Amino acid sequence: MQSLFELKTKTMLDLTIFECMKEKAIELLSNSEKNQYTQAIVLHSSAGNEYSTIIRNALSEGKADEESCLHKIQEAKDCEICFVLCMWQDQCIDIPSFAFRNLLLDLNEKNSESTLFIMTTDGVSGIKLSATMK
């Protein structure tokens with residue numbers, strides 16, 4: 001069982017990581033072509049590395065943008081992802097597409113424990129990837 005101090009420390013760390021990932025997503029979107037279906041995806045690995053990509057059309061059947069990002073992660077041999085942030089062009093934070101979540105699971109089965117950041121009425125929250133696949 002974790003102490004209250006450990007829980008608070010982990011929550012603070014998660015929020016710090018969230019803020020860095022959010023800034024990166026905003027930067028990516030501000031430098032991309034404006035399209036209502038554009039998303040920025042930012043991933044934080046267990047090794048502490050950050051990977052990111054722009055999904056030009058999240059509603060498209062094609063997954064070239066997603067696959068390209070995950071290919072970079074595979075090449076780096078850094079396939080365990082701890083945190084995922086997905087931001088739409090209007091800066092709304094949401095879970096990534098079902099297809100992208102499946103690609104993350106294919107990359108490494110431990111990614112089922114990845115935390116996906118989401119916006120709720122109470123602010124930022126996190127949900128395990130595995131809980132979104134049911």
Side-chain angles (χ1 to χ4, degrees):
M1 176 182 256
Q2 289 184 314
S3 70
L4 183 58
F5 174 76
E6 289 172 314
L7 289 172
K8 283 184 178 180
T9 302
K10 181 180 180 337
T11 300
M12 293 293 286
L13 175 64
D14 292 358
L15 287 175
T16 301
I17 290 169
F18 166 77
E19 287 299 328
C20 291
M21 293 173 75
K22 180 181 168 187
E23 287 176 24
K24 178 63 174 182
I26 290 169
E27 175 189 330
L28 285 169
L29 289 168
S30 67
N31 293 320
S32 71
E33 185 178 316
K34 306 296 185 242
N35 177 340
Q36 73 182 52
Y37 302 120
T38 299
Q39 290 179 331
I41 305 270
V42 183
L43 308 167
H44 186 87
S45 75
S46 62
N49 298 314
E50 191 174 271
Y51 301 92
S52 58
T53 191
I54 286 289
I55 310 299
R56 290 171 286 204
N57 184 350
L59 300 183
S60 167
E61 293 295 319
K63 298 296 171 216
D65 295 333
E66 293 93 331
E67 290 170 349
S68 175
C69 176
L70 296 180
H71 183 70
K72 290 176 197 171
I73 294 169
Q74 275 183 310
E75 285 182 341
K77 296 180 177 32
D78 192 16
C79 298
E80 189 176 340
I81 303 301
C82 295
F83 299 100
V84 179
L85 184 136
C86 173
M87 182 182 285
W88 290 93
Q89 188 68 273
D90 66 0
Q91 297 188 5
C92 175
I93 296 171
D94 199 358
I95 61 173
S97 71
F98 188 78
F100 186 78
R101 289 177 277 144
N102 266 327
L103 289 170
L104 282 174
L105 291 174
D106 291 344
L107 186 66
N108 186 328
E109 65 185 32
K110 291 180 181 179
N111 289 342
S112 66
E113 292 301 307
S114 299
T115 298
L116 307 178
F117 288 114
I118 56 172
M119 293 304 290
T120 66
T121 56
D122 296 326
V124 179
S125 190
I127 186 170
K128 295 291 180 198
L129 187 145
S130 58
T132 69
M133 302 304 286
K134 298 177 182 177

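Counting from 1, the numbers follow the sequence of the chain as shown. Keep in mind that what you see is a predicted model, and the values were worked out from it rather than measured. What's counted below: heavy atoms across the whole structure, side chains too, no hydrogens, waters or symmetry copies.
At a threshold of 4.5 Å between non-hydrogen side-chain atoms, the residues Ile93 and Leu85 count as touching. Side-chain contact check for Gln89 versus Gln36: every heavy-atom pair is 4.5 Å or farther apart. In this structure, Asn102 and Met133 have side chains that are in contact, with non-hydrogen atoms separated by less than 4.5 Å.
Heavy atoms only, all atoms of each residue included: Leu29 and Gln39 are closest at CD2-C, 4.1 Å. When all heavy atoms are compared, the tightest approach of Ser52 to Lys24 is OG-CE, 3.4 Å. Residues Ala25 and Ala40 share a closest heavy-atom pair of O-CB, 3.8 Å. Of all non-hydrogen atoms in Ile73 and Asp78, the two that sit nearest each other are CG2-O, 3.1 Å. Heavy-atom minimum distance, Ser46 versus Cys82: CA-SG, 3.3 Å.
At a cut-off of 3.5 Å, with distance as the only test, a side-chain donor of Glu75 or His71 sits close to an acceptor on the other residue.
Expressed to the nearest 0.5 Å, how far CD of Glu113 lies from CD of Glu80 amounts to 10.0 Å. Expressed to the nearest 0.5 Å, how far OG of Ser45 lies from NZ of Lys77 amounts to 14.5 Å.
Tracing side-chain contacts under 4.5 Å through hydrophobic residues (I, L, V, M, F, W, Y), one reaches Ile118 starting from Leu129; they form part of the same cluster. By the rule that hydrophobic residues join a cluster once side-chain heavy atoms approach within less than 4.5 Å of another member, Leu28 and Leu43 end up as members of separate clusters. Hydrophobic clustering keeps Leu59 apart from Ile54 (ILVMFWY residues linked when any side-chain heavy atoms are closer than 4.5 Å, directly or through intermediates). By the rule that hydrophobic residues join a cluster once side-chain heavy atoms approach within less than 4.5 Å of another member, Ile55 and Leu107 end up as members of one cluster. Residues Met119 and Ile95 do not share a hydrophobic cluster, defined by chaining ILVMFWY side chains whose heavy atoms lie under 4.5 Å apart.
More than 12 heavy atoms of other residues, nucleotides or ligands lie within 6.0 Å of CD in Glu19, so this atom counts as buried by the packing criterion. Heavy atoms from other residues, nucleotides or ligands lying under 6.0 Å from NZ of Lys63 number more than 12.
Here Phe117 and Phe83 bring their ring centres to under 6.0 angstrom of each other.
Here the side chain of Glu66 pairs no donor or acceptor atom with the backbone of Leu104 at under 3.5 angstrom. Between the Thr38 side chain and the Arg56 main chain, a donor and an acceptor come within less than 3.5 Å of each other. A distance-only check finds no donor-acceptor pair linking the side chain of Ser68 to the backbone of Asp65 [under 3.5 Å]. Side-chain atoms of Asn111 come within 3.5 Å of backbone N or O of Cys79 as a donor-acceptor pair.
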